[in-house]
Amino acid sequence: GAGVSQTPSNKVTEKGKYVELRCDPISGHTALYWYRQSLGQGPEFLIYFQGTGAADDSGLPNDRFFAVRPEGSVSTLKIQRTERGDSAVYLCASSRANQETQYFGPGTRLLVL
Amino acid sequence: GQQVMQIPQYQHVQEGEDFTTYCNSSTTLSNIQWYKQRPGGHPVFLIQLVKSGEVKKQKRLTFQFGEAKKNSSLHITATQTTDVGTYFCAGRKDTNAGKSTFGDGTTLTVKP
């Protein structure tokens, strides 16, 4: 079956702009996770959804970052007033339920100029 | 907050040699997962360990979870060029937690 998909695959934006990153999880997966990965580092947890609700958003770095999952499937990560330090690969993962295997998408490579 | 450390950061081996990466958590974990990420790719799940002292094998890969559930290791026997990539461990602190804390990985290169 189809895996986790993310769009766009690459995004170049200017400092101060707003961006939205989309994640389509595996069908039927109730848990969805967003991570950020910088070069040479492991994925950094941002937020975890169980269904439509954000069960843990402790990894969001500041209030410029926000994520939604209104129907319990597709999720959007929103970044306001982007900064150069936001440049990274944003990874989405989903799992059938909490604590089960996480399947990662290919990521969105964000570059803020 | 919770920290997960991995050593070594890099490992270069001759094909056929063994390889081990170690993962240490600052806090006791409920479970630990291992992932492999190929250059330019995304993390791919390898295994999850849950029980204290657990040992699991997948062909040439052996995974261990420490007795105190604070450390883990991945051992590859007789490396092959297909083993190239970065190996990450990720720990969950709470039984019901969705959040996983990843180490910074060990990057393995294999010389044929």
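Just so it is clear: chains get the letters A, B, ... in the order the sequence lines come, proteins before strands, and each one is counted from 1.
Listed by sequence position, Glu100(A), Thr101(A), Gln102(A), Phe104(A), Gly105(A), Pro106(A) are the residues of residues 100-113 of chain A in contact with chain B, using a 4.5 angstrom heavy-atom cutoff. Residues of residues 18-42 of chain A lying within less than 4.5 angstrom of chain B, judged on heavy atoms, are Tyr33(A), Tyr35(A), Gln37(A), Gly40(A), Gln41(A), Gly42(A) in numerical order. Chain B is approached within less than 4.5 Å, heavy atom to heavy atom, by Asp56(A), Ser58(A) from residues 49-61 of chain A, ordered by number. Proximity to chain A among residues 44-70 of chain B is limited to Phe45(B), Gln48(B), judged by heavy-atom separations below 4.5 angstrom.
Using a 4.5 Å heavy-atom cutoff, the side chains of Phe45(A) and Lys99(B) are in contact.
The number of heavy-atom neighbours closer than 6.0 Å to CD of Glu71(A), taken from other residues, nucleotides and ligands shown, is 12 or below. By the neighbour-count criterion of 12 heavy atoms within 6.0 Å, atom CZ of Phe65(A) is densely surrounded, having more than that number from other residues, nucleotides or ligands.
Connection of Tyr35(B) to Tyr48(A) is established within a shared hydrophobic cluster, with ILVMFWY side chains joined at heavy-atom distances below 4.5 Å, either directly or through further cluster members. Trp34(B) and Phe19(B) fall within a single hydrophobic cluster, where Ile, Leu, Val, Met, Phe, Trp and Tyr are joined by side-chain heavy atoms under 4.5 Å apart, directly or via other members. Residues Leu91(A) and Val4(A) do not share a hydrophobic cluster, defined by chaining ILVMFWY side chains whose heavy atoms lie under 4.5 Å apart. Cluster membership check: Ile7(B) does not share its hydrophobic cluster with Phe102(B), using side-chain heavy-atom separations under 4.5 Å among Ile, Leu, Val, Met, Phe, Trp and Tyr. Residue Ile79(A) is grouped with residue Leu46(A) when hydrophobic side chains (ILVMFWY) are merged at heavy-atom distances under 4.5 angstrom, including chains of intermediate members.
Interface remark: Gln37(B) contributes side-chain atoms only to the contact with chain A (heavy atom separation under 4.5 Å).
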